[in-house]
Amino acid sequence: MPNHAPIQFDIEARSDSTLKFSPQQQNKKRKREHEQPPPRVSSVHQNGQPKKNRQSNLNSSLPNLSGPNAKLNVRRQTLLPIRKQLPIWSHQQEIRQSLRRTDVLVLSGETGSGKSTQVPQFLLTEQWCNGRIAVTQPRRVAAISLARRVAEEMGTPLGSSSPASRVGYSVRFDNSTSANTRIKYLTEGMLLQELLRDPALKEYSAVIVDEIHERSVNVDLILGFLRNLLTTGRHAREGKPLKVVIMSATVDTEKLVKFFDEGYKIPHLGSSESPVQSKFISTVYVEGRQYPVSINYLPEPTNNIIEMSLKTIFQTHYKEPLPGDILIFLPGQEIIENLERQINELAANMEAEVPKMLTLPLFAALPQAAQQRIFQPAPPRTRKIILSTNIAETSVTVPGIRHVVDCGTVKMKYFHSKLGLEALLAKPISQSAAIQRKGRAGREAPGKCYRLYPESEYVKLDRNTRPEILRCDLSQAILIMKARGVNDVLNFPLLDPPPQKAMEKALLLLLQLGALNGEDGSINEIGQKMAKLPLTPTLARVIVEAAKPEMDCLEDVIDVLACLSVENIFLNPATEEKREAAEAARKDLFRREGDHITLLSAVRAYTSERTDRREWAEQRWISHRAMQNVMNVRKQLHAQCKQLGFLSKDASLRADSASFTALDERKTDMIIQCLTRGFLFNTAALHPDGSYRTLFGKQTVAIHPSSVLFGRKVEAIVFSEFVFTTKAYARGVSAVSLAHIDGLL
DNA sequence: GAGCACTGC
């Protein structure tokens, strides 16, 4: 293994000063970062041996395996000693006994503790556990891979592959469970869907809510529903016990205990006891398995993140031995591509004896194949430099990382409920995000983290990232509650209740969409149907409108909405030259009616392409992955519209080869009419001065330069997105007549 | 004449 002595590196005479980070003392660090015990480095736990009866208990829960299943059994036996070494294993009795005593357990388990795979298996053999165990995950990949792992550990086939399977998963577009499934990994959204069918979750004996610190809107709603089910809604369970486990890496235990405790104490009598000692909720802490990571701060704040990143990367590369890749967290695609270019220029001039650098960008919009490159080991004498957005913070685990560079910012969507306008802004990260980023360096060996900001800035950061429910449009959350029997949404239990104004704004939108009864705000039949669709209320309302017999355009509307509910299908070429080429290739798809009809013609052209769809997409700078998503959503919406009675039972997805028919004016008119019904608040009229102003609110909006209507003057517009960047822009724009908008009022 | 972090049903 080569060991490189530190070499003074002069970055193109930008500055001859070597970067100086101030190292920090370990004990001080722990206090600042509210990490309780020191990270455990040892991987063997001496006292974690299971007791005899526990072991036999586990065995008796498994089917008698022989013949073709012998292989599964062998695998199970191989995995068992590995499981026993997990930090969580020595807490097995504590966890089991907690749930015999109380219905709720708050379990904080650090990264690598094994909680996501082991806890469900511990509960399976408890006496109260006759039904299934649900384990929720924020992401699809996590749900699927955890199910696969646990099936192996239990020596059972996975999901729907065999009726003997006892472990399965359920995510959108992919349900793999059998009648005998006992442990079911599912996304948070899927559990909410199940609540629609079965509000008391009667098939489950336990619900384990994992990764709760990510605080998606969905997980916040699930916590509220579970609290109600354990307390005021208990009778609906018909005597069946329900156990709830809340799990997370960095969890605010006290806040969660208080949240559930309040549910049990309604009417609240004012408790004098500390909420952490609730008689209704138990808590368990499990240490993780993480190597120590040292933290280095800049002595002064910087206003040049790119230059600081370059210096840190090259200094680390010259100083630190291989192996040990570098992961840099940056806010967005643009800065990633910029920094990538500069690293490559500098790396080309490195001395021959210095190891090579391999720069790899990583962000969600990157094609799948390019994303996969980060998992390949670096060639000999080469260090991987991964430039990533916060996708690497939670969603993707990059192997081989020993050095993390954290620029300290992230782009986040903010919703201004007063204007109904959203903005994507680069903001400082929270302390918990900084800790999470740092932890990425300590997965395989002790690591180092370089924060490109001073410690004085770190201590000023918010402790936790603001939960999504405080930052987003609440109309979908409220529709989810109402459709599951919660009429008094202002009193629904939420960990962080949004301001009442934001709730009222969302209720108003739902009323305007016609989803609620005007007198008492209860959900009506239209609202119930909207809630069944995997779309925002606005988009769902467009479907309902298109389902009216006189409209006769539902299938076309489905194609448009499928595009609006996935990422942008049109890619942005990086250079002017390529942009012109892309525009020329797409010209036959553009429609003067606007962006929505343009999307429809793109879907039609794509589905009628019979030879090579990928090539068709690439030639036009259209994202093939996005189009595949469009096809999935389209299929799902089609099936759901049949279930809702919007399409006849025998309607089939339009025959792909015959689908490219001319769009006549009457048809496009109908489609835009349906869109306008859903997006009534997103309409603007042309003023004599040439600007557009919204009909409700009189907000000035400009047509976004990416729109096919950019630079055109039409009487009025309807738009599906309203964003604030350099100014207020309407994106996804169609031309509409004022007379038509008046007709809807 | 702009520029899009990340999930999920």
Legend entry - Within 6.0 Å of CD in A:E203, more than 12 heavy atoms from elsewhere: yes

Inset, instruction - Looking at every strand, decide which applies to A:T726 at a 4.0 Å heavy-atom threshold: base, sugar-phosphate, or nothing. - result: sugar-phosphate

Inset, instruction - Starting from P on B:dG1, measure out to CZ on A:R712 and report it in whole angstrom. - result: 17 Å

Legend entry - Ring geometry between A:Y453 and A:Y458 (parallel below 30°, tilted from 30 to 60°, perpendicular above 60°): parallel

Legend entry - Over all atoms of both residues, closest heavy-atom pair of A:T177 and A:N175: OG1-OD1, 3.1 Å

Inset, instruction - Ignoring backbone atoms, test whether A:S706 places a side-chain nitrogen or oxygen under 4.0 Å from the OP1 or OP2 oxygen of B:dG1. - result: no

Inset, instruction - Tell me, yes or no, whether the heavy-atom count around A:K713 atom NZ, taken from other residues, nucleotides or ligands under 6.0 Å, exceeds 12. - result: yes

Inset, instruction - Starting from C1' on B:dC6, measure out to CG on A:L330 and report it in whole angstrom. - result: 15 Å

Legend entry - Matching residue for A:S309 among A:T302, A:N304, A:L452 - test: side chain to side chain contact (heavy atoms under 4.5 Å, CB included): A:L452

Legend entry - Most 5' of A:T536 and A:L362 on DNA chain B, judged by nearest nucleotide: A:L362

Inset, instruction - Would you mind classifying the nucleic acid contact of A:E194 as base, sugar-phosphate or nothing, using non-hydrogen atoms under 4.0 angstrom? - result: nothing

Legend entry - Side chain of A:P705 - closest among B:dA2, B:dC4, B:dT7: B:dA2

Legend entry - Length of the CG-P vector between A:L479 and B:dC9, whole Å: 17 Å

Inset, instruction - Give a yes-or-no answer on whether the side chains of A:K427 and A:Y414 include a donor-acceptor pair shorter than 3.5 Å. - result: no

Legend entry - A:I469 CD1 - B:dG8 C1' separation (whole Å): 14 Å

Inset, instruction - Report which part of the nucleic acid A:Q333 touches: base, sugar-phosphate, or nothing (heavy-atom distance under 4.0 Å, all strands). - result: sugar-phosphate

Legend entry - Touch class at under 4.0 angstrom, heavy-atom based, for A:L192 against every strand present: nothing

Legend entry - Flag for A:Q636-A:N632: side-chain donor and acceptor within less than 3.5 Å: no

Legend entry - Neighbours of DNA chain B within residues 213-224 of chain A, by heavy-atom distance under 4.0 Å: none

Inset, instruction - Indicate, with a heavy-atom threshold strictly under 4.0 Å, whether A:R139 touches base, sugar-phosphate, or nothing. - result: sugar-phosphate

Legend entry - Side-chain donor-acceptor pair present, A:D473, A:S475, cut-off under 3.5 Å: yes

Inset, instruction - Measure the distance from CD on A:E393 to P on B:dC6 and round it to the nearest whole Å. - result: 12 Å

Inset, instruction - Have a look at A:I391 and say if it touches a base, only the backbone sugar-phosphate, or nothing, with a 4.0 Å heavy-atom cut-off. - result: sugar-phosphate

Inset, instruction - Mind checking A:F173 for me? I need base, sugar-phosphate or nothing, with any heavy atom below 4.0 Å counting as a touch. - result: nothing

Inset, instruction - Tell me whether the OP1 or OP2 atom of B:dC9 has a side-chain N or O from A:T187 closer than 4.0 Å. - result: yes

Legend entry - Contact nearer the 5' end of DNA chain B, comparing A:F710 with A:P331: A:F710

Inset, instruction - Let me know which of A:S176, A:S145, A:P120 forms a side chain to side chain contact (heavy atoms under 4.5 Å, CB included) with A:Y185. - result: A:P120

Inset, instruction - Give A:E188 one of three labels, base, sugar-phosphate or nothing, depending on what nucleic acid heavy atoms sit under 4.0 Å from its own. - result: nothing

Inset, instruction - Starting from C1' on B:dC4, measure out to CD on A:E721 and report it in whole angstrom. - result: 9 Å

Inset, instruction - Would you classify A:V723 as touching base, sugar-phosphate or nothing, given that sugar-phosphate means primed atoms plus P, OP1 and OP2, and contacts are heavy atoms under 4.0 Å? - result: nothing

Inset, instruction - In whole angstrom, give the distance that lies between atom CD of A:E468 and atom P of B:dT7. - result: 12 Å

Inset, instruction - Calculate the interatomic distance between A:L564 atom CG and B:dC9 atom P; express it in whole Å. - result: 19 Å

Legend entry - Out of B:dT7, B:dA5, B:dC9, whichever nucleotide has its closest atom nearest the side chain of A:T389: B:dA5

Legend entry - Below 4.0 Å: OP1/OP2 of B:dC9 and any side-chain N or O of A:R140: yes

